[in-house]
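Presented below is the structure to which this report refers.
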Amino acid sequence: MSLHDLFTSNPVIPVVVVDSVDQGINVARALLAGGITTAEVTFRTAAAPDAIREMSRIDGLNVGAGTVLNVAQAEAAIEAGATYIVSPGFSANVVRHCQEAGVPVLPACTDGTLIMAALEYGLDTVKFFPANIMGGIPAMSSFASVFPQLRFVPTGGVNAQNLAEYLAVPHIAACGGSWMVDKKLIHANQWDTITSLCAQAMTIAKETGR
């Protein structure tokens with residue numbers, strides 16, 4: 001699946017942190033029940049590769065890997081079944097490795113130099129992180145006036161209260177966030193709450209025309 005297809009189906013991308021495979025499986029089921037068919041499982045815990053592997057076996061779920069910092073992590077994520085890779089910054093080595101492996105990659109680019117580097121690698125969509133600190137919608141709109149071919153996926157500070165505002169912007173492809181899969185909810189086994197928050201997020205997205 002291309003990033004375009006992924007974002008069309010999922011204008012809201014949940015950024016998931018799990019400490020075990022069981023947590024990952026339960027999160028996956030909760031997401032699907034709420035109408036979200038993808039999960040960006042971050043490489044912030046040792047459980048990430050195994051969680052990605054088992055979550056990828058669930059019908060209807062497209063699992064990506066987030067917080068990928070280097071080629072070794074990209075290799076591990078792809079081997080585990082990740083269908084896309086997300087990085088908190090721009091690494092030419094990670095981008096090149098993913099492209100050679102035929103796996104879509106979404107690096108974070110928050111200034112003109114990084115954006116130009118991404119464009120040189122043929123990328124047309126980048127992550128914008130942390131969006132709330134790096135200028136949010138005004139910053140992305142300024143970049144869009146210079147790089148009209150580029151679309152952004154903001155994460156960091158995106159929540160149910162401002163999601164509609166972000167998704168109403170044409171050059172924003174989708175939004176990433178963790179509010180619907182907060183670690184406190186996961187640790188408390190609040191799967192129904194996660195499902196409800198996912199459904200709410202998808203309703204907000206549909207109301208913006210996504």
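Along the sequence shown, the residues carry numbers beginning at 1. As a basis for the values below, the full set of heavy atoms in this structure was taken, side chains included, without hydrogen atoms, waters or symmetry mates.
To the nearest 0.5 Å, atoms CZ (F90) and NZ (K127) are separated by 15.0 Å. Expressed to the nearest 0.5 Å, how far CZ of F152 lies from OG1 of T125 amounts to 9.5 Å. Note that CZ of R210 and CG of N10 are 12.5 Å apart. Values are rounded to the nearest 0.5 Å. Here the straight-line distance linking atom CD1 of I36 with atom CE of M202 works out to 6.0 Å at 0.5 Å rounding. Rounded to the nearest 0.5 angstrom, D19 CG and I186 CD1 are separated by 8.5 Å. Annotation: the span from S145 atom OG to M140 atom CE amounts to 13.0 Å, rounded to 0.5 Å.
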Is there a side chain to side chain contact (heavy atoms under 4.5 Å, CB included) between V17 and F43? Walk through the geometry before answering.
CA-CA 8 Å; V17 181; F43 260 63; over 6 Å; no

Checking M55 against V41 for the side chain to side chain contact (heavy atoms under 4.5 Å, CB included) test, could you report, in this order, the C-alpha distance in whole Å, the side-chain angles of both residues, the deciding distance, and whether it holds?
CA-CA 10 Å; M55 292 169 70; V41 179; 3.8 Å; yes

Take N70 and N93 through the test side chain to side chain contact (heavy atoms under 4.5 Å, CB included) and record every step on the way to the result.
CA-CA 7 Å; N70 51 55; N93 289 334; over 6 Å; no

Could you give me the CA-CA distance, side-chain angles and deciding distance for Q190 and K184, then say whether side chain to side chain contact (heavy atoms under 4.5 Å, CB included) is met?
CA-CA 8 Å; Q190 295 293 309; K184 293 180 181 179; over 6 Å; no

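Proximity of a side-chain donor or acceptor of T37 to a complementary backbone N or O of G60 within less than 3.5 Å is not detected. A donor-acceptor contact shorter than 3.5 Å links the side chain of T38 to the backbone of N62. At least one donor-acceptor pair under 3.5 Å links the side chain of S2 to the backbone N or O of D5. Distance alone, capped at 3.5 Å, places no donor-acceptor pair between the N162 side chain and the V158 backbone. Listed for the D111 side chain is a donor-acceptor partner under 3.5 Å among the backbone atoms of L114. Counting only distance, with no hydrogens or angles, the side chain of T208 and the backbone of A164 share no donor-acceptor pair below 3.5 Å. Judged by distance alone, with hydrogens and angles left aside, the side-chain atoms of S196 form no donor-acceptor pair with the main-chain N or O of D192 at under 3.5 Å.
A heavy-atom distance below 4.5 Å is found between the side chains of M134 and P130. With a 4.5 Å cut-off on side-chain heavy atoms, V103 and T83 do not count as touching. Inter-residue side-chain proximity for I115 and V146 is flagged as unmet; no heavy-atom pair is nearer than 4.5 Å. The closest side-chain heavy-atom distance from V95 to C98 is not below 4.5 Å. Between Y121 and V105 the shortest side-chain heavy-atom distance does not fall below 4.5 Å. Contact annotation: the side chain of E40 never approaches that of V16 to less than 4.5 Å [non-hydrogen atoms, C-beta and beyond]. Between P107 and L123, some side-chain heavy-atom pair lies under the 4.5 Å cut-off. Counting heavy atoms from C-beta on, the side chains of F143 and C109 never come closer than 4.5 Å.
Side-chain heavy-atom separations under 4.5 angstrom define the hydrophobic clusters, and the remaining members of the one that includes F7 are M1, L3, L6, I13, Y84, V86, L106, V153. Members clustered with L69: none, using a 4.5 Å side-chain heavy-atom cutoff among hydrophobic residues.
The shortest non-hydrogen separation linking A80 to S56 is O-OG, 4.2 Å. In plain terms, the two heavy atoms of A118 and V126 that are nearest each other are CB-CG1, 3.8 Å. Nearest heavy-atom pair, I52 versus G81, reported as atom, atom and distance to 0.1 Å: CG2-C, 4.1 Å. Considering every non-hydrogen atom in both L163 and A201, the closest pair reads CD2-O, 3.7 Å. The two residues T67 and Q73 make their nearest non-hydrogen contact at O-OE1, 3.5 Å. Across F129 and A108, no two heavy atoms sit closer than the pair CB-CB, 4.3 Å.
With sequence neighbours left out, R53 forms a salt bridge (Lys or Arg N to Asp or Glu O under 4.0 Å) with D50, E79.
Residue M180 forms a side-chain contact (heavy atoms from CB on, under 4.5 Å) with just one option from T193, N159, L197, and that option is L197.
Linking ILVMFWY residues whenever their side-chain heavy atoms come closer than 4.5 Å, directly or via other members, leaves V15 and L167 in distinct clusters. Linking ILVMFWY side-chain heavy atoms closer than 4.5 Å, directly or via other members, places V63 and V181 in a single hydrophobic cluster.
Heavy atoms of other residues, nucleotides or ligands lying less than 6.0 angstrom from NE2 of H4 number 12 at most.
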